[in-house]
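Just so it is clear, the model here is predicted, and its values are computed rather than measured. All values below come from the heavy atoms of this structure, side chains included, with hydrogens, waters and symmetry mates left out.
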Amino acid sequence: MDLFNSALGRNITFIRPAYFIISGFIDIPYMQYYYVFLCFVYIASVLGNTVVMAVIYLDHSLRTPKYVAVFNLALVDLLSSTSQVPKVLDIFLSNHFSIPYIDCLMFFFFCYSLLSLQALNLLALSYDRVVAIMYPLHYQRKITNRFMFSLIAFFWLFAIVAVLTAVGLLTRLSFCNSVVINSYFCDHGQIFRLACNDMFPSYVISYVLPCLILWVPLLLILCSYLCIGNALAKVASGKERAKALKTCTAHISLVIMYFVPFLTTYTIGAQIHPNARIINMSLASVLPPMLNPIIYVLQTQEIKNSIKNIIEIRRQFRIMVN
């Protein structure tokens with residue numbers, strides 16, 4: 001228990017800096033082009049996810065459990081982009097490299113919570129696909145809107161509590177020397193390694209948190225698709241198998257696009273140049289929220305039909321008005 005005394009003990013004075021300094025993009029050449037790219041990505045993310053949410057809200061035929069999860073994914077993507085990109089651009093374009101202590105912890109909380117919710121939402125969508133393909137006759141009884149709302153609410157609560165735990169442990173650290181964070185945001189690993197007292201609890205949570213929000217959801221998603229593949233191989237013809245898998249292509253694309261960059265960076269992060277790690281992490285954070293709505297619009301027939309119907313209704317309304 002002595003290992004945890006510095007973090008959980010009583011009558012301890014913690015040395016907390018007035019601010020941290022974000023230095024991630026400072027020494028990387030040609031970053032002005034990357035900032036323009038981030039602006040484009042953010043605008044595309046806002047527009048794309050807003051369109052997906054609007055279509056699901058306006059089309060009553062999409063008020064199904066699957067599209068409840070899709071709506072939540074679009075909302076999380078929108079919030080994730082908004083919590084990161086404007087702040088990052090403000091830091092590096094306006095030279096506001098110093099960020100107050102409390103603001104830095106809040107920045108970390110929102111970034112990690114929303115990134116966690118993206119993975120958990122993909123897990124919810126995978127469960128929806130498992131039941132829809134393996135138990136089609138029981139789908140409407142097993143997967144209801146109420147069930148999906150409850151599952152999503154649980155994931156929100158789980159992500160918030162998990163990240164708040166990490167934030168709470170960071171507040172038990174003292175910072176005596178450097179306050180320079182070598183990242184593009186208030187990264188957990190970069191913060192706790194600056195501490196001058198016992199950082200063991202934060203060190204433990206730095207492994208537990210990625211396991212809970214990355215590895216466990218990914219393993220469950222992979223297991224779900226193994227079950228789907230096994231079920232289709234036994235009972236479905238080639239045509240039926242292709243039709244069932246077609247309903248999963250959008251979700252599979254999102255899973256690959258989200259998990260591969262993060263897991264690659266976490267797995268080999270120590271073996272690559274710090275600048276490459278920072279760029280990889282930033283791309284892994286901002287690209288999925290931009291690409292997710294594009295993938296769902298292009299690969300989901302229901303959403304494409306809904307967009308066409310909405311456009312046709314607006315066209316007819318304009319004709320009637322004229």
Work out which heavy atom in [X] is nearest to a heavy atom in [Y]; give both atom names and the distance.
| X | Y | value |
| --- | --- | --- |
| F259 | A119 | CZ-CB, 3.9 Å |
| L291 | M257 | CD1-SD, 3.2 Å |
| H188 | S202 | CE1-O, 3.4 Å |
| L38 | V85 | O-CG1, 3.7 Å |
| P217 | L212 | CD-O, 3.2 Å |
| S183 | F92 | O-CZ, 4.4 Å |

Nearest 0.5 Å please: distance from the [atom1] atom of [X] over to the [atom2] atom of [Y].
| X | Y | atom1 | atom2 | answer |
| --- | --- | --- | --- | --- |
| S45 | Q84 | OG | CD | 10.0 Å |
| E302 | T64 | CD | OG1 | 8.0 Å |
| F37 | Y42 | CZ | OH | 15.5 Å |
| I278 | N182 | CD1 | CG | 4.5 Å |
| F262 | L283 | CZ | CG | 10.5 Å |
| L120 | L73 | CG | CG | 11.5 Å |

Aromatic ring centroids of F108 and F20 under 6.0 Å?
no
Quick check: H96 with Y19 (ring centres under 6.0 Å apart)?
no
Check whether [X] reaches the backbone of [Y] with its side chain - one donor and one acceptor, N or O, closer than 3.5 Å.
| X | Y | answer |
| --- | --- | --- |
| D59 | V55 | no |
| N197 | S174 | yes |
| N49 | P289 | yes |
| N309 | N305 | yes |
| N121 | L117 | no |
| T82 | L79 | no |
| R63 | Y57 | yes |
| Y258 | L115 | yes |
| S206 | Y203 | yes |
| S83 | S80 | yes |

Heavy-atom neighbours of [X] [atom1] exceed 12 at 6.0 Å:
| X | atom1 | value |
| --- | --- | --- |
| K246 | NZ | no |
| M106 | CE | no |
| R141 | CZ | yes |

Under 3.5 Å, is there a donor-acceptor pair linking the side chains of Y67 and N145?
no
Does one hydrophobic cluster hold both [X] and [Y], with members joined at side-chain heavy-atom distances below 4.5 Å?
| X | Y | result |
| --- | --- | --- |
| I213 | L222 | yes |
| L157 | L123 | no |
| I311 | I303 | yes |
| V180 | I15 | no |
| V76 | F149 | yes |

As a quick check of understanding, evaluate disulfide (SG to SG under 2.5 Å) for C186 and C111, giving each step before the final call.
CA-CA 9 Å; C186 294; C111 288; over 6 Å; no
Checking ring-ring contact (aromatic ring centres under 6.0 Å, His included) for the pair F147/Y127: CA distance, chi angles, key distance, verdict?
CA-CA 12 Å; F147 171 82; Y127 181 71; 5.8 Å; yes
